[in-house]
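To find a chain, count down the sequence lines: A is the first, B the second, and so on, and within it residues start at 1.
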There are 2 protein chains.
Amino acid sequence: MDLESVRTFVAAADAGRFQDAAAELAVTQQAVSKRIAALERDLGVRLFTRTPRGAELTIDGQAFLPHARDLLRVAERAASSVLAGRRPLRVDVIASRSAASALMRAFHRAHPEIELDVVMLFDVDTAVAALRSGAIDATFRAVAAPGRPLPEDVESARVDDEPLELLTGPAHALASARSVTVAQLTGHRIWIPGIVPGTEWAAYYDDLIAEFGLTIEATGPNFGSDALLDTIADTPALATLMGGHTRLVWPAGHGLRRIPVTDPTPVYPHSLLWRRGNPHPALPALRAHLAATAAAPGAPGTWTPPWAIPHTASSPPPAVPAEPGARPALPAEPGAGSAVSAERGDGRARRRPPALPYRTTQVP
Amino acid sequence: MDLESVRTFVAAADAGRFQDAAAELAVTQQAVSKRIAALERDLGVRLFTRTPRGAELTIDGQAFLPHARDLLRVAERAASSVLAGRRPLRVDVIASRSAASALMRAFHRAHPEIELDVVMLFDVDTAVAALRSGAIDATFRAVAAPGRPLPEDVESARVDDEPLELLTGPAHALASARSVTVAQLTGHRIWIPGIVPGTEWAAYYDDLIAEFGLTIEATGPNFGSDALLDTIADTPALATLMGGHTRLVWPAGHGLRRIPVTDPTPVYPHSLLWRRGNPHPALPALRAHLAATAAAPGAPGTWTPPWAIPHTASSPPPAVPAEPGARPALPAEPGAGSAVSAERGDGRARRRPPALPYRTTQVP
DNA sequence: TAGGGGAACAACCACTGGTTGTGCCCACCC
DNA sequence: GGGTGGGCACAACCAGTGGTTGTTCCCCTA
């Protein structure tokens, strides 16, 4: 089954005659006949009954037609997803289960008509380069990396402070605590595999360690959060830190505990970054949505690295809510299903650890 | 863009190396390389960055990947829609805006996991033949046509009595009535274009005329319900009858009135027909749903033709609600969007009146 | 610096998918 | 009732796509 045959089938079904379909597709009637015959051979059913004055759909043809239209629609959407200029809003998140992903899902629920593509880049440097080149339209990052301010043409807005929580197995010494202070964590082994030096989230953990004298082990390969949770659950001496807004596939029966950390609460400062002057019509809607829904960051009793931008910095007032004129260049067709698409980590099994810029590492 | 290239792209993205993708697809590495290159040429963007130890997705590649997966999923669903044995439940309705369509939409809302295909056949004869051949699994019809009882292997259940309503323009003599009796209709011109002699719905109107002495004009070509409503709205001397459960695209500003008909209320007796012994796992669920939601038919004060089967005839007690074992052979994938598909009449403009078995005629 | 792994390039070949020309069938019409 | 015309299928032919094998190039690694 190839798309050209399917397109021909739809054209012939609409026209009711192969000849008209051929004219519309700028081929000969014989070509249409052969394409339809090939499609029928592929599917194993007759799609048209040939009559002296045209071709009528069989029952199978009627059943197949809406699926064929779907197929063409999805193909068009796929092609437009990489079409410069009028493509969906493309947003980088730090991981598929991160708080940024949750924010994007909420945005999609609030604006289902805005088409979205979600990608996952390696670190803030990659993301900022992609922003400036126009490859992406926005990114959720904890700007700025220490010592390197954001470029002048990149704007940002603090959108979410995500408190870290301690994750332990049922036999851990702190398992029954309702909350723990940062001071209580000193001396306990905290295991966070997959930290890549040089990234902004590695810098976050570095600062956390330096500030409070924690013991964070980043050793060993990262086999994904499932393996991490298994190990944590089974190892009384081991705990890990995890973003409180992270949505996990929570394994049942492991007795895992999520315990808030206080005094102060370390928070991961998610910001939205975008290039000044990016004309994508959906970008103001995203900014307005985040400005409206984000809890006030920088709450007392929390800690962030000194290089995290304050929530008031360099961020102009959020744009007014998107009006009809600000709709995406390719408005979603009514009833055309979900307009968001993102590559989740739960796809088919990989034969080997993913290559960059993929990342399955645990992040705040 | 052809599906084979897209399939190759997904395989390469999953594997991270062209060679592994080639092995999985049983082609050579060079073939994969050429397919990917062709796809990139088609789309106009680079999808992979080639590295010494494999190929990584570019940002465009990451954005394209979920759409590519969608495309393959939809293609698979399209192919399975005509796969004998494990295809979606295929139901014939009398028209896309009919009460049967509404019932099917309600069923889909109640059981979104059951995949459905909706087709529209010409009349009860065609539908029954399709039932017996297995081309469809169920049909909503007003059985049985006069003088011809249903075949012995076809079962039926009365599922909806649809009251007819009078539809008039604002200047019609009866426009301001809250309801009209059948007797009041005598003498008024009732226009129902598109009645095809020999069909069971033509027989319904014939009986209605014979019983109450109405004046029904079936003259003129049928240009669809929009044109019908336009004419009704503008012509004070003309009215039409319409099923009270019909969902119309209601034109604003026309001043159209829907007026109940009483004493008695003519109702169109929708029944569900299916072949005895049809093993489709979703069929019991549909029957149970309809049995549970259908209003009790045959209410006093209503009229149906004498040949309409009574609601108690030949219909065994509805099957128990479908249990997990009765799920469709191809269960909907989680999060895979709507599982219902039907050819609606609002598709692309046709170049000429539709060929049979299409029908745009107005029906009860 | 040599070796190895992985993708791209080149040349070749089969077969797909287009074209033109023609035949057949049925509805319609004189 | 037979001629006519419209519409699809079949046949023959041809170009170009898309596969193969053989080879080169590049970069990481030992």
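Of the two residues contacting DNA chain C, namely B/Arg50 and A/Ala38, the nearest-nucleotide position lying further toward the 5' end is that of B/Arg50.
The separation between A/Arg41 atom CZ and D/dA9 atom P is 14 Å, rounded to whole Å. For the pair B/Arg17 CZ and D/dC27 P, the interatomic distance rounds to 19 Å; values are reported in whole Å. Residue A/Asp20 contributes atom CG, which lies 13 Å from atom P of D/dG6 at whole-angstrom precision. Rounded to whole Å, the distance from CD1 on B/Ile36 to P on D/dT17 is 18 Å. As a whole-Å value, the separation of B/Gln29 CD from D/dC26 C1' is 14 Å. Rounded to a whole Å, the NZ atom of B/Lys34 is 13 Å from the P atom of D/dT21. As a whole-Å value, the separation of A/Phe48 CZ from D/dG7 C1' is 14 Å. Computed from coordinates, the B/Glu56 CD to C/dA7 C1' distance equals 13 Å when rounded to whole Å.
The two residues B/Ala68 and B/Val10 come nearest to each other via the heavy atoms CB-CG2, 3.7 Å.
Using a 4.0 Å cut-off, no side-chain N or O of B/Ser33 falls inside it from OP1 or OP2 of C/dA7. Between B/Arg35 and the phosphate of D/dG19, there is a side-chain N or O to OP1/OP2 separation shorter than 4.0 Å.
A/Val32 comes within contact range of no nucleotide atom at all, as no heavy-atom separation falls under 4.0 Å. Nucleic acid contact for B/Gln19: sugar-phosphate only, since backbone atoms but no base atoms lie under 4.0 Å from a heavy atom of the residue.
Between the side chain of A/Glu40 and the backbone N or O of A/Phe48 there is at least one donor-acceptor pair closer than 3.5 Å. A/Asp92 places no side-chain N or O within 3.5 Å of a backbone atom of A/Ala127 that could act as its donor or acceptor partner.
Here C/dT20 is the nucleotide among D/dA9, C/dT20, D/dT20 with the atom lying nearest to any side-chain atom of A/Thr28. With D/dC28, C/dC26, D/dA9 as the choices, the nucleotide that has an atom nearest any side-chain atom of B/Pro52 turns out to be D/dC28.
Interface remark: the B/Gln30 side chain does not form any donor-acceptor pair with the C/dA7 base, using a distance-only criterion of under 3.5 Å.
A distance of 10.0 Å separates CG in B/Leu72 from CZ in B/Phe9, rounded to the nearest 0.5 Å. For the atom pair OG of A/Ser80 and NE2 of B/His67, the computed distance is 7.0 Å after rounding to the nearest 0.5 Å.
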